[in-house]
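Read through the structure below, which is laid out as C-alpha cells, and then see the notes.
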2 protein chains.
Amino acid sequence: MARTKEFDPDAVLERALDLFWRRGYEATSMADLVEHLGIGRASLYATFGGKHDLYVKALERYVQIRDPNPIEMLSQPGPALPAVRTLVERYTEESIRDRDRRGCMIVNAATELLPDDEPVARLVETSWTSLETALTTALIRARAQGEISAEADPRALARFVLVFLQGLRVMGKGHGDPARLRDAAAQALATLR
Amino acid sequence: MARTKEFDPDAVLERALDLFWRRGYEATSMADLVEHLGIGRASLYATFGGKHDLYVKALERYVQIRDPNPIEMLSQPGPALPAVRTLVERYTEESIRDRDRRGCMIVNAATELLPDDEPVARLVETSWTSLETALTTALIRARAQGEISAEADPRALARFVLVFLQGLRVMGKGHGDPARLRDAAAQALATLR
DNA sequence: CTCTTACTAGAACGAACGGTCAAGAATAAG
DNA sequence: CTTATTCTTGACCGTTCGTTCTAGTAAGAG
C-alpha cells in the first residue's frame, strides 16, 4: 500500500461548499479554493476531480447538511400543520438573519447554472421534488387530522408553499426591510388554516 | 466635428442584454459579446465602458422594456383585483413557456451578484420596491372598491404576491411539470378574494 | 530494510480573461 | 480642400483561468 491522506476530505468539501455558496460557481476560482481549503492543487484534483465535479459534490453536501432540514421537520409525528407553519417561519427568519446573505445554494445554483448544466439541474429538481413530496405528505396528514379543510388540495398547497419558499430565499439576497418578508410570510400562512 | 457611429447603441445594448440574460454575468465574456454584438471591441469599451458598466446598463434596459410590464398592468383604471390576478397568471405562463429558460434577469442578477455588487443591488431593490408599491396601490384600490375584504392588509398582501412571483421565476428555471407552477399560482390566487 | 504505491508541493501549461493602444478611415466645420 | 475630431479595426497587453506535470515524500507489504 501507500501513503495516507493528510487531510479529511469531508472537512475540505465543506470548506469548498462555504466558498461556492458565498460566491457562486463562476466567481469562485480554483486559486481561491486552493487558498481557502488549505490543501495542494494536485490533491484537490486527485480527490475531487475538476472544478465542476467539486461544485456538484459541494452542492450535494449542501442538500444533506442544510439546517433547517425541511424533510426532517415535516416528518415528525403529531399535528402536521404546525410543522409546515414552523417551516415557513424558519425559512423567513433565516432569510432575514443570514448576515452574509448567501441565500439558498440550490436557488443560487438554479439561477446561475440552469438550464444548461444537467448534473446541477438534476440535483435542483430532486431537491425541489423531495420538498414538494414532504410538504404534500404533511398536508395530507393535516387534512386527515382535520387541521385543514377536507376540500383542500394538499399537493397544490404544497406546490404553493414550495414556490413561496423559493421566493423568500431570493428576496433574502436583498437588504430591504425585514418586515417585507415577515408580512409576506404571514399572508402566506393565512392561507393554511 | 467628426465621424458618426456606424451602429445603433440602443440596438447593441439589447443584444448585450440578450446574452447577459441568457448566460449571466460571469459566464458571459467580452469575446462572446464582441462576437454577438457585431461591433468592434474598442467601440464597445468607448460606448459603454467596461464589462460591468455594460451589464448594469443592460439590466436597466431589461427593467424598462420587459414584457409584461407589471407597473403598467396594475395602473389600468377599473377593477383592480383582476389586474393583480392577471399579473400572477401571466408571470406563471411566462415562466412555463419561456423556452430557453432565461428566467427573470432581476432574479438572476440578485442571486449571482448580491450582496457584494452595490450598483446591481440598487437596481434590484428599486425593481422590487416599485413592484411592491404598484401592487399595494392596486390592492388599496381593490379594497376601496369592495373587491377584497375591508379587513385585508394591502401592503402585506402586496408583499406576499411579490415574494411569490420571485419564487415562480426561480422555479421556472427548472424543467419540471408545468402543473407545479399552475397549481401553486392557483393556490396563491385563492388568497386574493 | 526495500520496494511499491499514493500522497504532497509547487512549477508550469496553453487558453481565455478583461482591457488598451496605435493606425487608418470617415465625417463635418472652416 | 484642409483640418480637427471621433469612429473602426485588429493586434496586443499583462493577468488569471482551469488543468497537468514533475519531483520529492511518506507509509504499508514483504
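Reminder, nothing fancy here: chain letters follow the sequence lines and each chain counts from 1. Remember, it's a predicted structure, so these values are computed and weren't measured experimentally.
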Nearest-nucleotide check on DNA chain C, A:I39 vs B:T4; residue mapping nearer the 5' end is A:I39
Sequence neighbours left out, what passes salt bridge (Lys or Arg N to Asp or Glu O under 4.0 Å) with A:E125? Give chain and number order.
-> B:R180
Nearest-Å distance, CG (A:L44) to P (C:dG10)?
-> 15 Å
List in chain and number order the residues that pass side-chain hydrogen bond (donor to acceptor under 3.5 Å, both in side chains) with A:R155, two or more places apart in sequence or in another chain; answer none if no residue qualifies.
-> none
Ignoring hydrogens and geometry, is there a side-chain-to-backbone donor-acceptor pair from A:S130 to A:S127 under 3.5 Å?
-> yes
For atom CG of A:L33 and atom P of D:dC17, their distance in whole Å | 10 Å
OP1 or OP2 of D:dT8 less than 4.0 angstrom from a side-chain nitrogen or oxygen of B:S43, does that happen here?
-> yes
Under 3.5 Å, which N/O atoms of the protein pair with N/O atoms of nucleotides 11-17 of chain C?
unit_1	atom_1	unit_2	atom_2	d
C:dC17	OP1	B:S29	OG	3.3

Between A:Y55 (OH) and D:dT19 (P), how many Å, whole number?
-> 15 Å
Roughly how many Å is it from CZ in A:R23 to P in D:dT16, rounded to a whole number?
-> 14 Å
Output the single nucleotide from C:dT8, D:dT20, C:dG19 whose closest atom is nearest the side chain of B:Y45.
-> C:dG19
In whole angstroms, the gap separating P of D:dC17 from OH of A:Y25 amounts to 13 Å
Decide whether a cation-pi geometry holds between B:K51 and B:Y25; the criteria are a distance under 6.0 Å from NZ or CZ to the six-membered ring centre and an angle within 45° of the ring axis.
-> yes
Rounded to whole Å, the NZ-C1' distance (B:K5 to D:dT9) equals 15 Å
Is the count of non-hydrogen atoms from other residues, nucleotides or ligands lying under 6.0 Å from A:Q64 atom CD greater than 12?
-> yes
Is the CD atom of B:E72 crowded by more than 12 outside heavy atoms at less than 6.0 Å?
-> no
Rounded off to whole Å, could you give me the CZ-to-P distance for the B:F7 and C:dA25 pair?
-> 20 Å
